[in-house]
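Here's the structure we're looking at; comments come further down.
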Amino acid sequence: MFESLSDRLSKVFAKLTGRGALSEADVTEALREVRLALLEADVALSVVKDFVARVKERAVGQEVVKSVSPGQMVVKIVHDELIATLGAEGVELNLAAVPPAVILMVGLQGSGKTTTSGKLAVRLKKDRKKVLLASLDVYRPAAQQQLEILARQAEVGALPIVMGEMPVAIARRALDVGRKEGYDVVVLDTAGRLHIDAELMAEVAAVRDVAKPVETLLVADAMTGQDAVTLAREFNEKVGVTGIVLTRVDGDSRGGAALSMRAVTGRPIKFLGMGEKLDALEPFHPDRLAGRILGMGDVVSLVEKAMETVDQDEAERLAKRMEKGKFDLNDMLSQFRQVEKMGDLKGILGMLPGMGKMADQLKDAKIDNKVMGRQKAIILSMTPGERRNPDLIKASRKKRIAAGSGVSIQDVNKLLKQYQQMADMMKKVGKLGQKGLMRHGLGGLMPPGGGFGGGKRFGR
Amino acid sequence: MSKKGFFGRLLGGGAAADAEPAPAPVPAPETEASWFARMKGGLSKSSSRLTQGLTDLFTKRKLDDEALEELEELLITADLGVATAGRVTRRLAKSRFGEDIDADEIKAALAEEITAILAPVARPLAPDFSRKPHVVLVVGVNGSGKTTTIGKLAKHYRDQGRTVLLAAGDTFRAAAVEQLKVWGERTGCPVIARDTGADAAGLVFDALAQAQAEGADLLFIDTAGRLQNKTDLMDELKKVVRVIKKNDESAPHDVLLVLDATVGQNAHSQVEVFKEMVSVTGLVLTKLDGTARGGVLVALAEKFGLPVHAIGVGEQAGDLRPFAAAGFARSLVGLE
């Protein structure tokens with residue numbers, strides 16, 4: 001659905017043949033596309049307008065560098081300005097206070113405050129801080145238990161729950177326990193509240209006055225729409241926010257809310273929530289989020305994900321075998337497993353720039369992980385001997401393998417054919433040596449015709 | 001029935017209104033005014049951008065290009081999205097361009113355009129109690145309000161004297177099971193649960209078997225929140241549906257996708273993927289008591305045409321309302 005901004009801009013500038021400085025007319029037309037891209041990414045309209053005005057000022061009259069197209073030039077200006085607006089990376093938590101330093105978590109219902117509190121505890125514990133988690137959420141059923149369980153998982157302290165105690169009293173008790181038991185940090189998780197709920201906003205302000213937090217973190221969902229400006233402004237005005245935590249960044253939203261909230265509050269984005277596990281809290285990188293908001297993909301994250309999941313030893317073992325031009329069905333199986341671990345194919349493609357269309361083609365080609373599972377089953381139904389030496393597999397063995405893996409003989413044949421193609425490819429790669437493998441990456445390991453059994457060709 | 005005026009009207013269009021055993025429009029309000037009062041309250045307390053914007057815009061002026069552009073932008077700030085905001089404005093331009101028009105007129109005309117898009121999807125949940133049980137699977141991304149919505153629905157049907165069972169299918173998130181149990185206690189509905197970490201599909205299988213054995217009218221199945229781009233988690237959800245079908249081929253009879261009104265354009269992706277994966281049959285929009293107007297619903301109605309069964313306007317058991325196209329449209333443009 002979303003076309004990347006670079007694709008759009010190249011269309012706009014395709015008409016331009018002349019080089020030289022960017023004229024006002026060129027820029028205006030380009031910025032219409034920028035505006036659209038930002039709005040589709042859920043950046044609030046008022047923020048978009050200011051942003052576009054700033055970019056225009058910078059772009060008009062700018063000399064186009066010879067080696068780039070005017071489109072790329074504008075993208076670069078937009079990208080730079082976006083990074084500047086999103087702010088510096090790695091703004092750490094400020095814990096400069098007489099211990100215990102208090103962190104107050106605020107936000108709307110369902111934004112992810114409690115989970116983020118647990119994640120912060122894990123992170124602070126790694127820095128050798130003694131952390132106490134206290135839930136002030138007396139409204140949502142079982143919210144206090146939830147935080148208690150997270151504290152146990154994070155192996156940090158939890159303030160014992162006293163039923164019927166009100167938030168301000170809980171905050172006082174948390175500080176008390178924090179001081180007496182020598183905690184470095186006390187994290188106060190509050191109930192989700194609407195910024196227009198005067199009573200609850202007054203309550204959290206009262207908690208703030210009692211607890212005097214060094215950090216008040218606004219936790220907000222990356223999927224938030226235009227309302228991001230309103231909620232950020234209101235929380236900032238009524239409670240005073242020192243930083244923003246953007247959650248569910250592991251989803252496929254474009255995350256424009258980050259830009260809106262940063263712009264209206266002027267507060268730094270401190271962390272990004274990247275998953276449901278307690279270690280899934282990452283420092284903020286403006287460049288990555290900028291690319292994502294512009295629909296230009298998150299190449300850095302892709303590479304990191306690949307590095308994280310591909311088993312290094314296994315990859316080296318494979319590379320060595322390939323160097324020798326050897327490749328059997330065991331290797332193919334291990335390839336499948338590596339790719340599978342890296343996650344959904346469509347998910348990976350989605351991270352790449354200009355791959356939006358490709359992902360749609362993939363959908364048509366019905367390449368899904370299920371096919372890969374079936375192929376794994378076929379290999380697993382072979383004897384070790386057969387896997388090492390596929391030439392052994394003749395008619396009656398095929399029958400047995402098909403029955404064992406619940407597929408047809410044609411499926412077994414298809415897999416063997418694919419194997420053959422891969423093996424041929426490996427021999428070529430083997431000749432190129434280690435360098436060749438690095439250069440071609442996993443893509444080079446894909447069979448030329450079959451893909452993952454989908455029929456249509458995968459990749460270019 | 002004169003008391004039900006407003007809801008009678010919104011139900012009137014649907015066939016459900018005159019089905020025999022006093023069919024269940026989703027939650028009947030204690031007082032008719034409360035929802036509007038709440039919405040209105042929300043609007044007036046907020047900076048009420050849209051209302052203020054529109055009032056500034058048209059004291060009495062010509063509906064010209066400039067005015068239309070501003071109108072389009074106002075719709076964008078309500079999350080309708082660029083494309084839908086553009087279409088709605090163009091449609092308005094077709095009929096009223098060049099006219100001298102004041103703020104209330106323009107708002108009313110705009111609300112009419114939006115109502116026309118939303119009216120076909122305003123359809124209350126209509127369980128068939130003869131199924132014993134009518135199975136409702138509730139899905140959505142994390143924090144959208146699934147468990148709370150189930151609590152509210154349970155209360156509504158309990159108040160009608162129905163037997164309702166709740167299945168605590170969120171076996172992942174800490175204390176999610178306890179959260180649903182509290183709702184079970186509040187509403188007097190038995191909750192079928194296992195410990196956190198247990199297999200959700202197994203629990204759902206048992207829950208359905210129990211509901212069948214007891215001849216319950218309704219079974220609501222809560223599920224763990226999941227982002228739609230997590231294939232493994234979506235597969236897990238598909239497994240839940242498969243397991244339900246093993247026991248009852250016709251179930252789940254309703255698959256509700258719960259959407260948060262604060263969500264922006266990502267709602268498109270949520271509906272698309274959940275629909276493809278588990279055949280969503282209807283939507284519930286939550287957290288409409290804030291300043292977010294949930295305008296993306298207009299775009300979703302145009303694109304997917306899925307029924308919108310109810311809206312959530314608060315944290316209490318009674319804070320669920322039927323979705324009314326005209327009322328929603330009017331509050332979207334700042335009327336009422």
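Here is how names work: the chains are called A, B, and so on, in the same order as the sequence lines, proteins then strands, and each is numbered from 1.
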*May I ask you to name which of Val273(B), Leu180(B), Asn266(B) has the most heavy-atom pairs under 4.5 Å with chain A?*
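If we count pairs closer than 4.5 Å to chain A, Asn266(B) comes out on top.
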
*asked:* Under a 4.5 Å cutoff for heavy-atom pairs, which residue among Val296(B), Val177(B), Thr262(B) has the most contacts with chain A?
replied: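 It is Thr262(B).
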
Structural part of [X] lying under 4.5 Å from a heavy atom of chain A:
X         : result
Val82(B)  : side chain
Leu233(B) : side chain
Val141(B) : side chain

Compare every heavy atom of [Y] with every heavy atom of [X], then report the nearest pair and how far apart it is.
X         : Y         : value
Ala142(A) : Glu178(B) : CB-CB, 3.6 Å
Leu39(A)  : Gln265(B) : O-CG, 4.4 Å
His195(A) : Thr291(B) : NE2-OG1, 2.6 Å

*With a 4.5 Å limit on heavy-atom distance, are the side chains of Leu194(A) and Asp289(B) in contact?*
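SC-SC contact between Leu194(A) and Asp289(B) confirmed.
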
Is [X] salt-bridged to [Y], going by a charged N under 4.0 Å from an acidic O?
X         : Y         : result
Lys230(B) : Asp250(A) : yes
Arg226(B) : Glu276(A) : no
Glu315(B) : Arg193(A) : no

*Any donor-acceptor pair under 3.5 Å linking the side chain of Asp79(B) with the backbone of Gln226(A)?*
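Looks like yes, one N/O pair under 3.5 Å.
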
*Under 3.5 Å, is there a donor-acceptor pair between the Ser269(B) and Asp252(A) side chains?*
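Looking only at side-chain atoms, Asp252(A) and Ser269(B) do form a donor-acceptor pair, the distance falling under 3.5 Å.
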
_Quick one about Arg140(A) and Gln179(B) (side-chain donor to acceptor, distance below 3.5 Å, no hydrogens or angles considered), yes or no?_
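Arg140(A) and Gln179(B) do have a side-chain donor-acceptor pair below 3.5 Å.
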
*Which residues, numbered in order, of residues 146-155 of chain A come under 4.5 angstrom of chain B by heavy-atom distance?*
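The residues closer than 4.5 Å to chain B, in numerical order, are Gln146(A), Ile149(A), Leu150(A).
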
_chain A-proximal positions within residues 181-196 of chain B [heavy-atom distance under 4.5 Å]_ =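 Within residues 181-196 of chain B, the residues that come under 4.5 Å of chain A (heavy atoms only) are Val182(B), Trp183(B), Arg186(B).
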
*Considering only heavy atoms and a distance below 4.5 Å, find which of Thr224(A), Asp221(A), Thr114(A) pairs most often with chain B.*
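The answer is Thr224(A).
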
*Could you give me the CA-CA distance, side-chain angles and deciding distance for Leu227(B) and Met223(A), then say whether side chain to side chain contact (heavy atoms under 4.5 Å, CB included) is met?*
CA-CA 11 Å; Leu227(B) 295 174; Met223(A) 299 183 277; 4.2 Å; yes

*Rounded to the nearest 0.5 Å, how far apart are CG of Asp260(B) and OG of Ser111(A)?*
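If we round to the nearest 0.5 Å, Asp260(B):CG and Ser111(A):OG are 9.5 Å apart.
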
*Of the backbone (N, CA, C, O) and the side chain (C-beta and beyond), which part of Leu108(A) lies under 4.5 Å from a heavy atom of chain B, both, or neither?*
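Side chain of Leu108(A) only, per the 4.5 Å heavy-atom cut-off to chain B.
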
